[in-house]
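Here is the structure we will look at, set down as structure tokens.
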Amino acid sequence: MELHKEYKEKMSAQLKEWSAQVNLLEAKMDNFTADMKIMRAEEIQALRAKQHAVADKMKELSKASGEAWDQVRIAADKMWDDLKTGLTDAQSKFK
């Protein structure tokens, strides 16, 4: 059970950090032209959707135990990687 707790704490902390990074990307949009703002806003919305999906999966993980916990964790890891990749991609476009 200690491993489960540590995993959830690590993921929760990382999710907060990435949320802050998305907020920074949103703040940078003030410097963009109208067309660029529209394009980047769609990327921000996609990132927010992924954040919410990961947060929901974390709630599901809190309720799971035993073998179900492992299955939910595997799904969470995949969603996590997708969010990380999306954030990295967006950061490269917002420079």
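Residues: numbered from 1 along the sequence shown. Hydrogens, waters and symmetry mates play no part in the numbers below; they use all other heavy atoms, side chains included.
Note on ring orientation: taking the six-membered ring where Trp is involved, the planes of Y7 and W69 are perpendicular (angle over 60°, cut-offs 30° and 60°).
Among the candidates M29, Q45, K28, the single residue satisfying the side-chain contact (heavy atoms from CB on, under 4.5 Å) test with R40 is M29.
For the atom pair CG of L47 and CG of N23, the computed distance is 11.0 Å after rounding to the nearest 0.5 Å. With rounding to the nearest 0.5 Å, the separation of NZ in K8 from CG in L3 is 10.5 Å. Between the CG atom of D56 and the CG atom of L61 there is a distance of 12.5 Å, given to the nearest 0.5 Å. Residue T88 holds its OG1 atom at 12.0 Å from NZ of K93, rounded to the nearest 0.5 Å. One finds the CH2 atom of W80 at 6.0 Å from the CE atom of M58 (value rounded to the nearest 0.5 Å). The structure places NZ of K84 at 7.5 Å from CD of Q14, a figure rounded to the nearest 0.5 Å.
The neighbour count for K78 NZ, taken as heavy atoms of other residues, nucleotides or ligands under 6.0 Å away, does not exceed 12. Within 6.0 Å of CD on E9 lie more than 12 heavy atoms contributed by other residues, nucleotides or ligands.
Of the possible polar contacts, none joining the T85 side chain to the D82 backbone as a donor-acceptor pair under 3.5 Å is found.
The two residues Q21 and L87 come nearest to each other via the heavy atoms OE1-CD2, 3.2 Å. G86 and K50 make their closest contact through CA-NZ, 4.4 Å (heavy atoms, listed as atom of the first residue, atom of the second, distance).
Residues V22 and F32 share a single hydrophobic cluster, defined by chaining ILVMFWY side chains whose heavy atoms lie under 4.5 Å apart. Hydrophobic clustering, with ILVMFWY side chains joined whenever heavy atoms are under 4.5 angstrom apart, groups I44 together with M36.
Side-chain atoms of D77 and M11, non-hydrogen and from C-beta on, do get closer than 4.5 Å to each other.
There is a side-chain donor-acceptor pair under 3.5 Å between Q51 and R48.
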Exercise. What's the verdict on side-chain contact (heavy atoms from CB on, under 4.5 Å) for V54 and W18, showing C-alpha distance, side-chain angles and the deciding distance?
Worked result: CA-CA 11 Å; V54 169; W18 287 347; over 6 Å; no
